[in-house]
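The structure appears below as structure tokens.
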Amino acid sequence: DHAPGLECSFGGVRRPATLVGGKVRCEAPKAPPASISLHGGSVELDVVGGDGSRDLVSPANESLTHVYLAPLALTGLSPTRGSVEGGARITVAGGGFSRETGCVFQFRDDAVEVAAEVVSDEELVCEAPPAPAGEAYAVVGVARRSGGPPEVLSGGLVFGFRAAPA
């Protein structure tokens, strides 16, 4: 559906909007406005009609917000080695972590996503999965799920697997 002049305003930054199945759709600015820190944040969201009206989405004048998530970053793992049987609790340091963040262990032929306990936006804890036969290491990354496929941070840190004691 086309609605001439329909716009979304993200903290004052305007973007064109369309009506799709009775819902307003608009793309948020790629880079957050200067008022958003590297830790993320939110801005006021307005939907503005072609005639300047602002009661299109929230007739009760409730305020709407758009949340920007901080970019994912990965800076350290502790410990950096564990048993091939898995189970090591790994503390992951970095940034941009939220309740949607998990760990990804990239082996040679497979990636294993595991849940994470988010301690803060700069620290999470996850459990190493068992290593596939013949694998001595995995590249550990972080991923964010937000309703669709995970956004995986490119790059990662190496976690080594050692044979279980006999």
Side-chain angles (χ1 to χ4, degrees), residues 8-15 17 23-47 57-58 62-165:
C8 292
S9 173
F10 296 87
V13 178
R14 290 190 171 201
R15 293 289 183 256
K23 295 181 181 182
V24 176
R25 295 243 180 201
C26 45
E27 187 173 317
K30 297 276 187 225
S35 62
I36 303 299
S37 75
L38 290 176
H39 295 285
S42 61
V43 294
E44 185 175 328
L45 172 62
D46 284 321
V47 178
V57 175
S58 182
E62 298 169 7
S63 62
L64 300 174
T65 57
H66 176 75
V67 176
Y68 284 98
L69 298 175
L72 290 173
L74 188 58
T75 59
L77 299 177
S78 179
T80 58
R81 294 182 55 120
S83 169
V84 293
E85 295 174 349
R89 286 184 51 82
I90 303 168
T91 299
V92 180
F97 302 153
S98 66
R99 68 178 184 270
E100 294 89 16
T101 308
C103 293
V104 178
F105 287 77
Q106 179 65 57
F107 295 98
R108 188 177 352 184
D109 296 324
D110 195 22
V112 178
E113 251 186 279
V114 297
E117 172 192 336
V118 179
V119 177
S120 72
D121 67 343
E122 297 177 340
E123 182 179 315
L124 56 88
V125 176
C126 59
E127 189 173 296
E135 298 277 347
Y137 70 92
V139 175
V140 179
V142 289
R144 180 182 291 144
R145 286 202 173 276
S146 53
E151 167 199 348
V152 179
L153 174 71
S154 61
L157 299 171
V158 176
F159 181 81
F161 289 91
R162 61 179 178 266

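Just the heavy atoms: all of them, side chains too, but no hydrogens, waters or symmetry mates, feed the values below. Note that the coordinates shown come from a computational prediction; the quantities given were computed from them, not determined experimentally.
The minimum heavy-atom distance linking C126 with V114 is given by the pair CB-CG2, 4.0 Å. Shortest non-hydrogen contact noted between F159 and A128 is CE2-CB, 4.0 Å. In this structure, V112 and D110 approach most closely via the heavy-atom pair CG2-OD2, 4.1 Å. Taking every heavy atom of both residues into account, V125 and V119 meet most closely at CG2-CG2, 4.0 Å. The heavy-atom pair separating V104 from A111 by the smallest distance is CG1-CB, 4.1 Å.
Rounding to the nearest 0.5 Å places OG1 of T101 at 9.5 Å from CG of D121. The structure places CG of D109 at 6.5 Å from CD of E135, a figure rounded to the nearest 0.5 Å.
The list of ring pair (Phe, Tyr, Trp, His ring centres under 6.0 Å) pairs with a residue in residues 117-138, not counting sequence neighbours, is empty.
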Checklist entry - Checking side chain to side chain contact (heavy atoms under 4.5 Å, CB included) for the pair V139/L157: CA distance, chi angles, key distance, verdict? => result CA-CA 5 Å; V139 175; L157 299 171; over 6 Å; no
Checklist entry - side chain to side chain contact (heavy atoms under 4.5 Å, CB included) between D46 and C8: does it pass, once the steps are laid out? => result CA-CA 6 Å; D46 284 321; C8 292; over 6 Å; no
Checklist entry - Given L45 and T65, is the side chain to side chain contact (heavy atoms under 4.5 Å, CB included) satisfied, shown in steps? => result CA-CA 5 Å; L45 172 62; T65 57; 5.8 Å; no
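Ring geometry for F107 against F161 counts as tilted: the plane angle lies between 30° and 60°, on a 0 to 90° scale.
For the pair R15/E27, no side-chain contact is recorded, criterion being any heavy-atom separation below 4.5 Å from C-beta on. Between C103 and L124, some side-chain heavy-atom pair lies under the 4.5 Å cut-off.
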Please output the side-chain donor-acceptor pairs of residues 85-98 that fall under 3.5 Å, not counting sequence neighbours, one pair per line with the distance.
unit_1 : atom_1 : unit_2 : atom_2 : d
R89    : NH2    : E117   : OE1    : 3.4
S98    : OG     : E100   : N      : 3.4
S98    : OG     : E100   : OE1    : 2.8

